[in-house]
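Everything quoted here is computed from the prediction, not taken from an experiment. Numbered from 1 within each chain, the chains take letters A, B, ... in sequence-line order.
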Amino acid sequence: MTAGKEAIHREQRAELVPLPRTDDTPTPGPRLSDVDEWGRSEHTRTIARRLFAPLYDNWFRVEWEGLEKIPKTGGALLVANHAGAIPSDAPTIMHGIEVERGRPVYGMADFFFREVPWLGTMWARVGGVPAHPDNALRLLRDQGQLALVFPEGTKGPSKTYADRYRLRRFGRGGFVEIAMRAGVPVIPIAVVGAEESMPIVFRLPALAKLIGVPYFPVTANMLLFGPLGLAMYFPAKFKLRVLDPVTFNVPSGQERYSKSRVMEEAEKIRINMQETIYEMLRERRSVWFG
Amino acid sequence: MGRRVLITGLDSFWGGRMAQALESDPEVEMILGMGTREPTVPLERTEFVKADQTYSILSRIVGATQVDTIVHTFLVVDSTRVSSRALHEINVIGTMNLLAAAGQSGSPVRQVVVKSSTLVYGSASTDPTWFREEMPRTSPARTRVERSLLEVEGFVRDFAEDNPATVVSVLRFANVLGTDIITPISTNLSRPICPAVAGYDPLLQFVEEDDVVRCLEHVTRQRIPGLYNVAGTGKLPWSEVTGICGTRLLPISPVGTHAAAAPLVRLGLIEFPPELESLLRYGRGVDTTRIGKTGFSCRYTTAGAVESFIRAVRLRRSVGDAPPSYTYSQDIEHFFRHSSAVVRSEG
């Protein structure tokens, strides 16, 4: 018997004798799904990617500029403008970076999402994470991932068509503080096209309050297609431009950062994004063809 | 001199298990267990004192027995088993009396270990995906169990502040599953149908019952102060937990959930205390880095705990409940511990 065969033989024999456990390695249990600790499932994500790809390629005909500014490794906080009654910019950015840059993006959404039955679960399975500062810190610093936030919050998608492409206030600049604490760059992304894909004609605040949602939009899509309009986007041409990464010259890991510095940086990023959006609109010849 | 340990709730699941674990430790010189009923597990050298729920005689016992360690396992975390009144008496008043006795002047107590629960974090849409020990809950506590546990932990914090020389260890355990423990979750999982809130599939963490006892032992033996989360690694969605256990999901309306579940609870088909209702909506995750740094790791992951539980259920389904192998009899226990007729090896 050769030495190699003998080794195999010994290995097989060793397997037959259960050895008493000597270490503290945890006993893994059986798994039936591939849902991870954040709630995402590769299986569901594959299906979602397959469903969204035709919309991305043929309906919105998404075009990127400056994708190379998104690093191949390491954490970075992506920020973008937010628009459209049911925002199509989040899946577009997530899908685009995943397909064209080969990196998953964790979309951070308002807690409200979690409260909506089915939708909240679905969002978690495809890669959404509740926008808690601790979650962002974990993703960016500990796991070196890409996280996407919309600093405008619900103020962005809830604005009516009359206010299109006018960035709302960037909250309290929390996203800057988290990037500082995690020691990662902020990468702003300007999106053009989402506003026209589902423009809000007017809102029904009383109804929103009644059913407990942040806003209840009546969109042009709904006026045209009825309830179908909830899922029917107009084929606006999407253009996205990645801006230069913003780094902050501050030590990471601090509990608190100067509020004035945070607000100043947030405002700088906001102005830069607003200017870029205006520039992109100046270059745009047609809403539908770019 | 060896350690002299007092265990509360000797008649409860955790008290009994903890006493058994400490009996094999040669460093523990004396174990005294308090309980409202007789112990239900065989114990070799643990002394048993019967007391009322609120432990009003505790200060006398502490003085008389000179215990240096108190392991407080007698905290109710399952609101389906006791009345609201009793819950308050046991958790709040019981802990208050316990800490008062441990903190009296000239007290011999050098360590207090409290078995708390991750219920103190609650479960809400505004929660982080992982709670670290220093993070407060994000929603006000509405259920009585959660409120009472928060009150208990408040007392313990004050006690630790007032008695800096005493080692205070608080362990917050995730939901427990295992071969023997009965909780609303285990009851639901062992039945053919199991409640779920329609449209939600929360991520849950479990800790196996042996790991709970091992962890209590670990902090007691090593005298580790501080506040720790304890849970098995990994999280499982509720649908998967029920899938592993082979039970069918019974989706309950996400609107008016409590009212919709009430008749089913009344019929005894499901158990659905308010803390489970919010858990089945938003789940809960705790960060266990801190306990890991003390040199403790769970032997079972979350999925491992679920498996350990369901294997025991399958066995019971085949052979039925094991008959109680032990009945406490004061005369017999007294004879074995104190009669001069019994030959004791330690002399």
Side-chain angles (χ1 to χ4, degrees), chain A residues 20-41 43-44 106 108-143 145 147 178 210-214 255, chain B residues 124-132 135 138-139 177 197-203 205-206 208 210-211 214 232-246 251 253-255 257 281-283 285 287 289 292 295-311:
Chain A
R21 296 168 50 107
T22 50
D23 60 340
D24 271 358
T25 29
T27 325
R31 288 295 308 261
L32 298 180
S33 78
D34 66 343
V35 177
D36 76 2
E37 298 186 324
W38 288 105
R40 47 165 55 193
S41 147
H43 177 68
T44 317
Y106 287 75
M108 314 219 52
D110 194 273
F111 298 120
F112 163 74
F113 259 83
R114 260 178 114 178
E115 292 170 14
V116 185
W118 291 285
L119 182 69
T121 307
M122 216 49 221
W123 178 243
R125 293 293 173 272
V126 298
V129 167
H132 190 283
D134 188 67
N135 287 350
L137 204 60
R138 242 169 234 279
L139 283 169
L140 296 170
R141 187 191 54 194
D142 304 345
Q143 306 185 354
Q145 299 283 1
I178 282 160
L210 188 75
I211 58 176
V213 294
E255 199 48 52
Chain B
S125 63
T126 44
D127 287 350
T129 309
W130 281 272
F131 273 107
R132 273 179 284 109
M135 292 163 105
T138 63
S139 56
L177 279 181
V197 183
Y200 297 88
D201 194 7
L203 296 174
Q205 265 177 328
F206 291 105
E208 219 272 349
D210 287 345
D211 282 329
R214 279 179 61 238
T233 35
K235 289 181 184 173
L236 289 187
W238 181 238
S239 61
E240 194 177 338
V241 174
T242 54
I244 294 170
C245 294
S253 158
V255 187
T257 312
R281 233 175 247 272
Y282 302 117
D287 186 314
T289 316
F296 177 83
S297 59
C298 285
R299 284 218 178 113
Y300 295 84
T301 61
T302 287
V306 175
E307 199 201 9
S308 156
F309 158 75
I310 195 61
R311 284 167 62 92

From [X] atom [atom1] to [Y] atom [atom2], the distance as rounded to the nearest 0.5 Å:
| X | Y | atom1 | atom2 | result |
| --- | --- | --- | --- | --- |
| B:T129 | A:N135 | OG1 | CG | 3.0 Å |
| B:D127 | A:D134 | CG | CG | 11.0 Å |
| B:L203 | A:W38 | CG | CH2 | 11.0 Å |
| B:W130 | A:D142 | CH2 | CG | 10.0 Å |

Among all residues two or more places apart in sequence or in another chain, which pass the side-chain hydrogen bond (donor to acceptor under 3.5 Å, both in side chains) test with B:T242? none
Can B:D287 and A:R138 be counted as an ion pair, charged N to O under 4.0 angstrom?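 Yes, this pair counts.
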Locate the shortest heavy-atom distance separating A:R31 from B:P237; write the atom from each residue and the value. NH2-CD, 4.2 Å
Compare all side-chain heavy atoms of [X] with those of [Y] and state whether any distance is below 4.5 angstrom.
| X | Y | answer |
| --- | --- | --- |
| A:F112 | B:S125 | no |
| A:E37 | B:Q205 | no |
| B:Y282 | A:E115 | yes |
| A:L32 | B:I244 | yes |

Interface moiety of A:D36 toward chain B, non-hydrogen atoms closer than 4.5 Å: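 The backbone, not the side chain.
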Structural part of B:R132 lying under 4.5 Å from a heavy atom of chain A: side chain
Chain A: which of B:S239, B:A124, B:A198, B:G243 shares the most heavy-atom pairs with it under 4.5 Å?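 Looking at each of B:S239, B:A124, B:A198, B:G243 in turn, B:A198 comes out on top.
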Considering only heavy atoms and a distance below 4.5 Å, find which of B:P128, B:G283, B:P202 pairs most often with chain A. B:P128
In terms of heavy-atom pairs under 4.5 Å with chain B, which of A:M122, A:R125, A:H132 leads?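 Option with the top pair count is A:H132.
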Hey, which of A:A124, A:A131, A:P30, A:G120 has the most heavy atom pairs under 4.5 Å with chain B? A:P30
